[in-house]
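To start, the structure under review is shown below, and the notes come after it.
Sequence positions, counted from 1, serve as the residue numbers for this chain. Reckoned from all heavy atoms, side chains included, excluding hydrogens, waters and symmetry mates.
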Amino acid sequence: MGARQIYESLREQILGGVYETGSQLPSSRGLANDLGVSRTTVTVAYEQLAAEGFIEVRQGARPRVASSLIGHEASSTVSKRAGPIHLSAYGERLRASPPWPDYLPNRLKVDFRYGDLAPSDFPALIWKRAMNAAMSQRPRRLAYDDPRGSLRLRQALQGYLWRARTLSCEVEQIIIASGSQQGLDLCARLLLDPSDSFVVEDPCYRMARQVFASTGARPFSVAVDGEGMKTELLEGITARLAYVTPSHQFPLGGVLPVSRRYQLLEWARRNDAYVIEDDYDGEYRYDIRPVPPLHKLEDRSSVIYLGTISKTLSPMLRIGYLVVPPELQDVFATAKQLLDRHSPVAEQEALASLIESGGYESHVRRVRRLNGERRETLLAALRRAFADRIVIEGADAGLHVVVWFKDLRRSLEDVLVEEARREGVGVHSISPLYRRETDEGRADRIGLVMGYSALTTGQIENGVRFLTDAVERVRRNSPDTSAAR
């Protein structure tokens with residue numbers, strides 16, 4: 001037991017009335033003997049209690065609970081505000097939003113959660129070398145850096161984006177953000193007012209929809225099909241921005257054809273709106289050729305390109321980037337400066353080193369191969385287990401697939417998820433990715449988003465086996481298992 005634990009325990013007992021005002025505490029020597037710790041450890045805890053006014057200490061006497069605590073409510077918990085909590089309009093919108101799942105480690109045998117990566121895939125050795133090199137470079141002074149991000153990294157990204165995505169831009173147009181989520185937040189802050197509207201795909205990335213809605217702007221959810229957003233539905237919609245995932249629609253996986261791309265850009269031109277192109281997993285293509293980004297097309301002045309290393313290196317590094325039109329580069333830099341000054345410099349320098357050396361692209365090729373093997377394992381296991389009772393979407397690219405169970409109605413979705421957890425496997429419903437108002441428009445069947453990039457092939461096979469057992473129990477125990485429409 002350490003001094004902090006002793007301090008917290010005694011503080012709780014004093015507040016809870018176990019030790020009343022004026023009563024004596026054990027001597028430091030006696031308590032140390034009772035707890036089996038050094039007298040110094042107890043003395044440190046007592047000194048902290050005395051410094052905070054909980055006890056009074058005199059030379060040669062046992063500590064006493066301070067008389068100044070008379071009249072204070074004896075409670076081990078912090079007293080609550082008497083009145084209501086007053087938040088800003090922004091805070092109230094966040095408080096009213098659906099709760100997010102916790103991110104505590106779970107005890108599942110297999111978790112098909114999308115967005116996680118396998119620790120074994122991380123290039124620990126070359127990253128360590130790059131970080132050591134970055135840390136060994138002693139700067140001339142310790143000062144705040146350019147809010148747009150490290151010049152070296154932006155130059156490296158400029159070359160990488162041209163090689164990997166045929167995207168051409170000036171270095172000044174690149175803004176380094178703390179992950180793609182901060183990039184979305186910058187777009188929301190700078191482009192939307194509460195009286196505005198925005199367009200998102202339906203279904204779509206939930207945190208994108210929520211960050212735009214947090215401004216108070218009104219969402220227009222546009223349905224998607226096997227080719228991405230149905231851009232003909234934009235007719236008649238007036239909005240300030242549209243958020244799309246055209247190269248690999250999240251979560252259904254469609255690729256927006258060139259005719260729809262031009263239709264989207266024409267809509268943006270008529271509305272004087274911006275299109276936010278989220279290329280969240282553009283490095284992963286298996287059965288299709290890489291698709292040039294919207295930014296590659298002729299009307300790039302209305303496109304904001306959003307990229308990240310969260311799907312290639314690690315989501316824990318929190319490095320993303322925006323390519324903004326020239327007229328927006330200064331205001332985005334100012335907003336970034338106000339948010340957090342700039343992203344951590346050492347990690348930016350390390351990433352720049354990896355890109356410059358070719359190590360990053362070698363790593364991307366390696367993890368693309370590894371995730372291709374995981375994908376093949378998952379597809380084969382699902383087809384063996386469920387045959388024609390399922391439909392799989394979005395398997396041509398990315399790090400997840402969507403699995404539709406044709407003979408399990410959506411009313412059983414929560415039942416299946418809970419039954420799978422009892423088997424030790426985590427599966428995740430697609431329903432939260434749809435707007436509630438338009439949810440009824442999709443087929444009445446269960447849909448699961450199944451990520452595979454954090455799992456071994458053995459875990460994937462075991463996970464599908466556990467899922468099979470869970471599905472069979474749901475079928476046996478529920479009368480509502482007739483074929484969905």
Distance alone, cut at 3.5 Å: any donor-acceptor contact between the side chains of [X] and [Y]?
X: R374; Y: T377; value: no
X: S150; Y: Q348; value: no
X: S343; Y: K336; value: yes
X: D279; Y: Y305; value: yes
X: S247; Y: Y280; value: no
X: H428; Y: D111; value: yes
X: Y205; Y: Q181; value: yes
X: Y243; Y: D278; value: yes
X: Q249; Y: E201; value: yes

key: Other residues, nucleotides, ligands: >12 heavy atoms within 6.0 Å of R366 CZ   = yes
request  = Would you indicate whether D414, at its atom CG, is surrounded by more than 12 heavy atoms from other residues, nucleotides or ligands within a distance under 6.0 Å?
outcome  = no
Quick one, [X] and [Y] - any side-chain contact, counting heavy atoms below 4.5 Å?
X: L191; Y: T215; result: no
X: L416; Y: L448; result: yes
X: R269; Y: S302; result: no
X: T238; Y: W267; result: no
X: L10; Y: Q13; result: yes
X: I430; Y: L252; result: yes
X: I176; Y: R154; result: yes

Are the charged groups of [X] and [Y] less than 4.0 angstrom apart, N to O?
X: K230; Y: D225; result: no
X: D388; Y: K406; result: no
X: R473; Y: E423; result: yes
X: E418; Y: R421; result: no
X: D185; Y: R189; result: yes
X: E227; Y: R260; result: yes
X: R410; Y: E413; result: no
X: R389; Y: E472; result: yes
X: R163; Y: E361; result: yes
X: E461; Y: R465; result: no

task = Tell me whether the guanidinium CZ or amine NZ of K109 lies under 6.0 angstrom from the six-membered ring centre of F466 and within 45° of its axis.
result = yes
task = Please state whether the rings of F122 and W127 are parallel, tilted or perpendicular, taking 30° and 60° as the class boundaries.
result = perpendicular
query = Where does the angle between the aromatic ring planes of Y114 and H400 fall among parallel (under 30°), tilted (30 to 60°) and perpendicular (over 60°)?
reply = perpendicular
query = At their closest point, which heavy atom of F405 faces which heavy atom of R445, and how far apart are they?
reply = O-CB, 3.3 Å
task = Heavy atoms only: give me the nearest I126-G359 pair and the separation to one decimal.
result = CD1-O, 4.3 Å
query = With F112, which residues qualify under ring pair (Phe, Tyr, Trp, His ring centres under 6.0 Å), at least two apart?
reply = none
